[in-house]
Structures are given as structure tokens and as C-alpha cells.
Protein chains: 2
Amino acid sequence: MRDVALPGAGQWPYAQRGFLMARRTGRRPGNPDTREAILAAARGAFADKGYDGASIRAIATGAGVDPALVHHYFGTKDKLFLAAMQAPMDPAEMIDALADGDREQAGPRFVRLFLQIWDGPGGAAGVALLRSAVGTEWTAKLFREFVVTQILRRAVPKLGLDDEQGPLRVTLAASHMVGIALARYVIKVEPLASVPSEVIVAAVGPSVQRYLTGDLSDVFDAQVAAGS
Amino acid sequence: MRDVALPGAGQWPYAQRGFLMARRTGRRPGNPDTREAILAAARGAFADKGYDGASIRAIATGAGVDPALVHHYFGTKDKLFLAAMQAPMDPAEMIDALADGDREQAGPRFVRLFLQIWDGPGGAAGVALLRSAVGTEWTAKLFREFVVTQILRRAVPKLGLDDEQGPLRVTLAASHMVGIALARYVIKVEPLASVPSEVIVAAVGPSVQRYLTGDLSDVFDAQVAAGS
DNA sequence: CCCGGAACTCATCAGGTGTTGAACTCAACG
DNA sequence: CGTTGAGTTCAACACCTGATGAGTTCCGGG
């Protein structure tokens with residue numbers, strides 16, 4: 001009988017099961033949702049400490065499990081990280097939601113959707129991803145390739161931007177949103193951290209709109225001027 | 001005479017001085033610029049690996065020096081980090097450069113100045129700061145307090161923004177720039193990473209201008225609407 | 001009922017970490 | 001010359017890390 005709540009977001013420090021079975025070894029009775037528990041603990045730990053700071057031992061105890069079991073399921077720490085980041089990331093969905101609808105309202109729509117995701121349960125994974133992506137070089141590379149292949153190559157044609165200006169437009173908008181996320185959810189600098197999300201939509205939406213569909217002729221003039 | 005190889009780490013890239021003095025202990029002859037060498041190596045290491053990833057041993061060998069010497073000079077790793085980040089940061093100067101001049105051109109001026117710093121020698125320290133600030137919780141807290149006390153409290157009155165909207169305006173502008181820095185210098189996502197800086201000035205300048213001095217009445221309408 | 005394999009733990013390895021205290025070398029001063 | 005003190009290194013401590021392999025317990029299918 002497992003009357004305990006799912007280990008989802010909250011941390012439970014110790015293995016609370018078995019006040020009877022004091023520290024048995026071997027296979028656990030009951031349903032094997034342990035794998036998910038490990039993943040949840042891993043997401044939380046990566047979000048709090050980043051890739052390097054999160055230790056397999058901490059993740060294991062956070063899931064009420066022996067450290068070796070983590071390796072049993074996921075092999076190495078790298079694979080654990082990839083597995084933990086995989087589920088909550090589906091940029092295709094976000095891009096689709098962006099693409100249909102009034103193009104002249106895509107900016108605010110994008111900002112609102114972005115903030116909804118970060119305010120929801122996916123936010124922890126986002127913080128983890130950002131923390132880890134920035135932390136060290138190989139995660140940065142990972143993130144870079146992820147951004148290019150999963151976001152840029154899909155978003156540019158979906159949004160109907162021509163290939164000349166499209167990538168710059170999308171990266172400008174994305175980098176703005178990442179900056180907002182960093183300030184609001186990771187660094188938590190006020191007043192940005194606690195202002196209602198609709199305020200940010202109203203403030204940032206027009207900028208993003210301009211990056212996506214606005215007139216950037218000055219920008220490209222500057223580009224050719226610098227290129228000559 | 002110690003002709004024996006080093007026990008622990010194996011090779012040190014060695015101090016280039018003294019090809020004569022095969023591995024002597026004790027004080028080095030010549031100039032005592034070692035402290036600066038350590039600081040420089042520390043900045044580089046922190047920029048490459050972040051606070052946690054950069055090890056004192058790596059910093060020491062990078063400076064051609066024994067790890068214990070680092071502690072001799074700086075005490076703990078925390079203090080080393082603070083010392084390494086101290087020199088290249090002078091936000092007051094930047095704020096001053098922003099404050100005087102046409103207020104209606106402050107946006108592009110800010111972006112240009114910001115990019116100049118990051119493209120110059122201060123960029124490494126910036127990357128280090130950003131990497132480390134995001135990496136773990138206490139550096140994030142450090143960074144947050146630094147931002148609030150050193151930037152917000154100075155910039156808001158200097159720029160002549162009223163206290164009601166000022167902090168939000170400044171944090172919006174700053175977070176945008178941090179996002180750009182993250183994408184361009186840390187993650188290095190194309191095309192943002194290699195585009196000439198004037199292109200970014202032309203693209204981002206107007207947005208920042210709007211955040212600083214533009215009409216944000218919609219934003220504050222949203223604020224009161226959400227607050228009710 | 002039994003047995004193969006999945007779930008799970010224990011003990012341990014090899015290596016890296018920040019930090020410390022003592023020892024040594026050199027430059028400067030008297 | 002001798003002494004002093006800063007510059008510098010050595011060797012070690014205590015701890016934490018990711019990873020491995022052997023061993024234990026349980027579930028499900030034959």
C-alpha cells in the first residue's frame with residue numbers, strides 16, 4: 001500500500017517506505033514508478049544546482065533510492081541529464097501555436113505563451129536547462145545545437161520569414177525572451193520577478209513583434225554598411 | 001637535487017622563467033607580478049568553466065604556480081572569485097556615459113556601449129560573471145544584490161526616471177541586454193554571434209529606447225488591471 | 001513451484017576538490 | 001655577515017564525486 005503522494009515536484013528527503021522493513025536490500029514490492037521519481041528528482045536538482053552542482057547521490061536520496069540505481073537506469077550522468085530534459089521540451093508545439101493566428105499579434109502571443117510555460121510545471125525544467133546550458137562549455141554546445149536544429153530550422157519557415165532575415169529575426173526575439181526568463185526566474189531580480197505576467201506581455205510584446213515582422217530595414221542597412 | 005617527476009598532477013605547464021633552476025622550491029627570482037597572473041588565470045578559468053567548474057588547481061597551473069599560493073594570496077575560493085570579478089566591473093562609469101547626452105538617443109547609446117565592453121577585454125570577465133551568476137544559487141544571489149545595489153539604485157535617479165516606473169524600465173532594458181549577451185557571447189548562437197555589433201545596435205536600440213523613455217501606459221494599465 | 005531476470009542495495013574504487021601547516025628560498029636591511 | 005619576512009612549494013587531510021560489480025530480493029511466466 002502506497003499511500004504516499006507522488007514525488008513529483010516536492011522533495012522528500014528519505015525513503016519513507018518501510019518503517020517496517022528497515023532498509024531491506026533487493027527489489028521493492030509494489031508498482032515500479034521509481035524511474036519517474038528519479039527523473040523528477042533529477043529535474044529538481046539540475047534546476048537548483050546546475051549540471052555540475054547536482055550530484056547523483058543527492059538526486060538518489062531525493063528520490064529515496066540508492067545512487068547505484070540511477071546508474072542502473074540511466075548509465076551515466078550525461079544520459080540522465082538528457083533524459084531529464086527531454087520530456088518537458090517540445091518547441092514544435094510552441095512554434096505551431098505561434099504560427100497560426102494573426103501574424104501581427106504573434107509577438108504578444110509568443111510572450112504570453114512563453115511566460116505560461118515558465119510559470120507552469122515546465123518552469124523548473126527550464127531553469128535547469130538554462131542553468132546547465134550556461135554553466136559549462138559542453139552543455140552550452142548542446143544547447144546551441146538544440147536551438148539551431150529544433151527551433152531555428154523549424155521556426156523560420158513556419159513563420160513565413162524569408163531565409164535572408166529570418167534567422168536574425170528569430171534569434172533576436174528568442175534572446176530577448178531568454179533574457180527575461182533569466183532575470184525573472186533564475187536571477188529573480190525585482191521588480192521583474194514578481195510583476196504579473198500580463199505586464200511583461202504588454203511591455204515586451206511590441207518589441208518581439210517588431211523583431212518578427214516589423215520593419216528592420218535600418219538593421220540590414222547597417223549590415224551591408226559593416227560588410228563593405 | 002630533485003630530478004624526479006612530480007608526484008600528483010604530472011606536468012605543470014610550468015613557469016616559463018627558470019629553465020635553469022629545475023623545479024626549485026621557495027621564492028621565485030624576478031618580478032613579483034604573480035598575484036596578477038593568478039587573477040588573470042582565475043578570470044579565464046571562471047569564464048570557461050563557471051565558478052564550480054573552475055578548480056583552484058587548474059587556476060594555479062594556469063598561472064604557473066602552486067595551488068597553495070592561491071590560498072596564500074586570496075584565502076578562499078570565494079574571495080578569489082570576488083577579487084577576480086572586481087576589477088573589470090564599474091557600472092557607475094557606464095551609467096554616467098548613459099546619463100549625459102540626448103535622452104532620446106539613450107537606447108542605441110546603451111546598446112553600443114554594452115557591446116563595446118563585451119567585445120573588449122572585459123568580455124571574458126563578463127562571460128565569467130554570467131556563467132557563474134547563473135550556475136548556482138549563491139552566486140545568483142550575489143549577482144542579484146549586485147544588480148540591485150550597484151545598478152538599479154544608481155541608474156534610476158541618474159536617468160531621471162520616476163520611482164514608480166523606473167525600476168521596471170531599467171530591468172526590462174537590462175534583461176534584454178543580458179539576453180543578447182547570453183546568446184551572443186556565451187551560447188554563441190548564430191547568426192547573432194557573428195553579426196557586426198552595429199546591426200545589433202540598430203535592431204535592439206529602439207526597443208531599449210522604448211523601455212527607458214517610451215510610452216508604457218499600456219503596461220501600467222495591465223499592471224493595475226492585474227492588481228485589482 | 002521454480003527459475004530467469006528485473007529491481008534494488010552494499011561496499012568499494014580511483015580520482016578530484018578546497019584547504020592547511022610546515023618547510024624552503026630568496027631579497028632586503030642592518 | 002646574520003636576521004627577518006615575504007614569496008613559494010610540498011605533502012597531506014578530509015571529503016565528495018561518478019562509476020562498477022557483486023550480491024540480495026522480488027515479480028511474472030513456464
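Chain identifiers are assigned alphabetically (A, B, ...) following the order of the sequence lines, protein sequences preceding nucleic acid strands; residue numbering begins at 1 within each chain. Just so it is clear, the values below take in all heavy atoms, side chains as well, and ignore hydrogens, waters and symmetry mates.
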(message) From CZ of Arg35(A) over to C1' of dC8(C), roughly how many Å is that when rounded to an integer?
(response) 15 Å
Please tabulate, for the side chains in residues 115-130 of chain A, all donor-acceptor contacts under 3.5 angstrom to protein atoms that are two or more places apart in sequence or on a different chain.
from	atom 1	to	atom 2	distance (Å)
Asp119(A)	OD1	Tyr185(A)	OH	3.2
Asp119(A)	OD2	Tyr185(A)	OH	3.4

(request) Establish, with yes or no, whether the OP1 or OP2 oxygen of dA7(C) is under 4.0 angstrom from a side-chain nitrogen or oxygen of Thr34(A). (result) no
(message) Check this one for me: any side-chain N or O of Tyr73(B) less than 4.0 Å away from OP1 or OP2 of dT8(D)?
(response) yes
(request) For Tyr211(B) and Ser207(A), test the side chains for any donor-to-acceptor distance below 3.5 angstrom and give the result as yes or no. (result) yes
(request) Look at the rings of His176(B) and His176(A) and say which category their plane angle falls in: under 30° parallel, 30 to 60° tilted, over 60° perpendicular. (result) parallel
(request) Apply the test side chain to side chain contact (heavy atoms under 4.5 Å, CB included) to residues Leu80(B) and Tyr73(B): give CA-CA distance (whole Å), side-chain angles for both, the deciding distance (0.1 Å), then the verdict. (result) CA-CA 9 Å; Leu80(B) 206 214; Tyr73(B) 277 126; over 6 Å; no
(message) Quick check with a 6.0 Å cut-off and a 45 degree axis cone: is Lys77(B) positioned over the face of Tyr51(B)'s six-membered ring?
(response) yes
(request) To the nearest Å, give me how far apart NE2 (His72(A)) and P (dT9(C)) are. (result) 11 Å
(message) Strictly distance-based, threshold 3.5 Å: is any side-chain N or O of Arg184(A) a donor or acceptor partner for the main-chain N or O of Val195(A)?
(response) yes
(request) Find the distance Leu69(A):CG to dA22(D):C1' and express it as a whole number of Å. (result) 16 Å
(request) Determine, for nucleotides 15-21 of chain D in 5'-to-3' order, which nucleotides have protein heavy atoms under 4.0 Å from the base (write B), from only the sugar-phosphate (write S), or from neither (write -). (result) --BBBBB
